[in-house]
Amino acid sequence: MKDLPKAYSPKDYEAQLYAAWEKSGAFAPDPDPKKEPYSIMLPPPNATGTLHLGHATMLALQDILIRFKRMQGFSTLWLPGTDHAGIATQSVVEKKLQTGGMKHPRQELGREGLLAEIRSFVEQSKDTIRNQMRKMGASVDWSRERYTNSEDMNHAVNTLFKMMYEDGLIYRGDRIVNWDPKMQTTVADDELEYEEEKSPFYTFQYGPFQIGTSRPETKFGDKVVVMHPDDPRYKKFKHGEKIGPFEWINGPTTATVIKDEAIDMEFGTGVMTITPWHDATDFGIAERHKLEKVQVIDAQGRLLPIAGEFAGEKIHDARPKIVEKLKEKGLLVSTDENYMHNVAVSYRGKGKVEPQIMKQWFVDVNKPVVDWKGKKLSIKEVMQDVVNSKMIRIVPDRFEKTYFHWIDNLRDWCISRQIWWGHRIPVWYKGEEIAAGETSPGEGWVQDEDTLDTWFSSGLWTFSTLGWPEKTPDLMKFAPSSVLETGYDILFFWVARMILMSTYALRKTGFDEAHSIPFKDVYLHGLIRDIRGKKMSKSHPETCIDPLDMIEKYGTDAIRLSLIIGGTPGNDMRLYEEKIAGYRNFVNKIWNGARFVLLNLDETDAPIDSAALSRADKWILTRLNEITVQVTTLIETYQFSEAGLKVYDFFWGEYCDWYVEMSKVAKNPAVLKHVLETSLALLHPFMPFVTEALWSELRPGSQLMTHTWPTTSPAWNFPDEADEMSRIMSLVTAIRSLRSEGNVDATKKIHVIVYAHEDLQIVEDKAEVIKRLANLGQLDLSETGPKVDKALTTFVGDLEIYLPLADLLDLGAEKLRLEKEINNLEGYLKSLSTKLSNEGFTKNAPKAVLDQEQAKLADATQKLEKMKGQLGELGV
RNA sequence: GGGCGGUUAGCUCAGUUGGUUAGAGCGCCACAUUGACAUUGUGGAGGUCGGUGGUUCGAAUCCACUAUCGCCCACCA
């Protein structure tokens, strides 16, 4: 007799259990060389703050996989870590310093001073994150924790940079970049967000043309007017023709006509002037036609001397004045005040982006430098090949399409950032000379001031964390990792970049193609949304859920389940408190189910006696086998929600509601205990804490986390008895339903089909049925109340009747149903035999499939015969 | 403009190669309650699976068209 409290209190167990797991050393991979490796690299959260529900989901999913594989006997590595998140972190810290009263942190603190501030902030964040991961129950190997901006990571980054530089993959060039004047840095194309903005759209007279623009402040240097070559309105203008002089903002100007297909004839007047320095499309046109590029706005967002009287003004202030001047000159044709357009904003720093031409470092994605399957491929082609050839599988597979589309449009990647926080570019300058390397080539060399894009270093995550460029035992054993589990929102940012970096770097350092990929599977989870389906944000505190609050309130197991169940790969999921409370109830149900077992255990603790199994025992053991197979397969195919639901339903709906109830009349402690323990094992990956807590009550001194994953027991498989049992259960349900309607004594005619041992009897009078049932089980069913209710449930274990159709049925309806079913089956049989007589199918299909089809055929034939028999017996 | 996803009970969602009477949780209604559990049990009400057409013996599931909501990419002079 154990004395456990009536309700499970997570707080009393969780921290203590986690500490015990950690102490047991089982978080680290088992060194046994016979065990197959299984590894997951945790997508490193940004070391900028706290974990949100997205992180919690990711931790839960990965922990399920790791715990599952660990129990299955793999040598599992789950490597944790954090990301330094360049722009995001520097921006957060600068903002903090500014709210603290410092006006210009960069100028006031200098490079080293600001970096010191950021470092201490990051250390704090890391601690918070570690603590939260522990609370989530994440069974990560803390001894291998990594950080993207540590010294060894820096070494890996520098080594790779140098390799790429020497291969000509990294080059420096003048390119149009997305300049964030607020953070004073460039931003990558895919780090842009677009915000809708209403701003006036002006049409100006430009020589003989009318041109539209929402940005008149860029128009000072425009000397090129572009139109579509097929536009009939401008047929008389020739490509290359000079126009003017005519009056423009600051006096007369001339222009050149250029015809280019990039122009949309439908938009505005179909003519525009271009500003190559400050617009990506214009830059493209200028490159194609080898046009001059003039800078109009500086890096701080101020107009340059070319703007004449407006020089030095902020664009925002200058814009209305410029329009006013053009209006006075009679050059303003019209103004559309309601023009809606998108403005590019930095995803990280939230600053409005101004395109600029600048000297930046780029990665060439089209240069064929990778030895890949006997050819020289560009990194872009390798990225396509690994997914095309299924070396890497993306789940759900629809994201493969998205991935390919992104790669098809991939341009050279700008990797330099004008911020201080991050990996400083390992390039050194001395006059005109340039050298790449980790350390200064010597006297008088100056290192590049800029840092690398954060994704450059996180792209190395899967292998740099294992010790690359050294060929460490970990790297040899655990790369490539088994699965990358992350949100679909960073498929491009990160997943693609890891594929790029890993294939290049590992191939370059002697790994074959199969060992150069970063991971074998990619599992993408959806985003967690609030009850309204909106992204959770701090601006809506009423629907924004903090995982820590929920853990405090409902326990970790409950929140883990509520994040897993009901979610499907790649689809967003809504979360709300009631759902978490629901799973808290399940946690408590498990607790109490186990309490019952503990109270009813046999002192002898004898093993299951196969010769002394009741029908109920046989049924629950058979069901347990089925569930074990299903759950295993479902987890292996990343169907976590279904897997969790399966055990949930089994444990609550079958084990507790039926088997435990029956045990109150006639119990088999060995079976009770076995099914409970196996269920706990099956549930452990989903809800590690409560299962481990109960396990230690059932088997003191033993650890569930490292216990063997359940397998089926062929000796305890009784499909026929299980089948009978479920029919009996249906009958009981039907009788309960009658009783609950107050119909126990009713004389209403209902036909019940009861197959007794041998002879078929059709009993038309319900009262008669009740009487017979009562005789069989010595029950007085005329009584109502919980006693009868309970008795009905419990006595089915001994009920010696067989019910193929556990229902109360109208005979006419039953006949119709059977006829319909027979008709369907005949059609089914026809299609099966057609399939099996088709040579194309029989020749090409694998044997297993053929056998399966044959079995289906036999099965259906038998079923058909049975139904025909039943129809005959009905005799209606 | 290109692509992807959703639309199933009052609400939130499952339903993976088409197959008995479409499921769960929450909510709702009725009943029950001293022994595993009120964080409970039992029963019930509630759905023409967005629409139309097609394929099939059989469609929530496959195909075509369509409506609507959402997301991603590109473009926006």
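All figures in this text were calculated on a predicted structure; none of them were measured in a lab. So that the names make sense, note that chain A is the first sequence line, chain B the second, and so on, each numbered from 1.
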Please classify the nucleic acid contact of [X] as base, sugar-phosphate, or nothing, using heavy-atom distances under 4.0 Å.
{"X": "A/I274", "result": "nothing"}
{"X": "A/K579", "result": "nothing"}
{"X": "A/G566", "result": "sugar-phosphate"}
{"X": "A/T275", "result": "nothing"}
{"X": "A/T568", "result": "sugar-phosphate"}
{"X": "A/N571", "result": "sugar-phosphate"}
{"X": "A/R398", "result": "sugar-phosphate"}
{"X": "A/V660", "result": "base"}

key: Non-neighbouring partners of A/R529 that pass salt bridge (Lys or Arg N to Asp or Glu O under 4.0 Å), sequence neighbours left out   =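 A/D572.
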Any strand: nucleotide that pairs with [N] via Watson-Crick or wobble, under 3.5 Å:
{"N": "B/U16", "result": "none"}
{"N": "B/U42", "result": "B/A30"}
{"N": "B/C37", "result": "none"}
{"N": "B/G25", "result": "B/C11"}

Indicate whether OP1 or OP2 belonging to [N] is found under 4.0 Å from a side-chain N or O atom of [X].
{"X": "A/R574", "N": "B/C13", "value": "yes"}
{"X": "A/T281", "N": "B/C76", "value": "yes"}
{"X": "A/W652", "N": "B/G41", "value": "yes"}
{"X": "A/K401", "N": "B/C4", "value": "yes"}
{"X": "A/N585", "N": "B/U40", "value": "yes"}

Applying side-chain hydrogen bond (donor to acceptor under 3.5 Å, both in side chains) to A/K401 and not counting sequence neighbours gives none
Side chain of [X], heavy atoms from C-beta onward: which of [options] has the nearest atom to it?
{"X": "A/K219", "options": "B/A77, B/C75, B/C37", "value": "B/A77"}
{"X": "A/K589", "options": "B/U40, B/G25, B/A77", "value": "B/U40"}
{"X": "A/S214", "options": "B/A77, B/G25, B/G41", "value": "B/A77"}
{"X": "A/M272", "options": "B/U40, B/A77, B/C37", "value": "B/A77"}
{"X": "A/E642", "options": "B/A77, B/G15, B/U42", "value": "B/G15"}

(message) So, under a plain 3.5 Å distance rule, would you say the side chain of A/E578 forms a donor-acceptor pair with the base of B/U12?
(response) no
Heavy-atom side-chain contact between A/I322 and A/F220 under 4.5 Å
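A/I322 vs A/F220: side chains touch.
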| Can you find a heavy atom in the side chain of A/I249 that is under 4.5 Å from one in the side chain of A/L326? |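 Side chain of A/I249 against side chain of A/L326, heavy atoms only: contact under 4.5 Å found.
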Which word best sums up how the rings of A/W591 and A/Y8 line up, parallel for under 30°, tilted for 30 to 60°, or perpendicular for over 60°?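 Aromatic pair A/W591/A/Y8 classed tilted.
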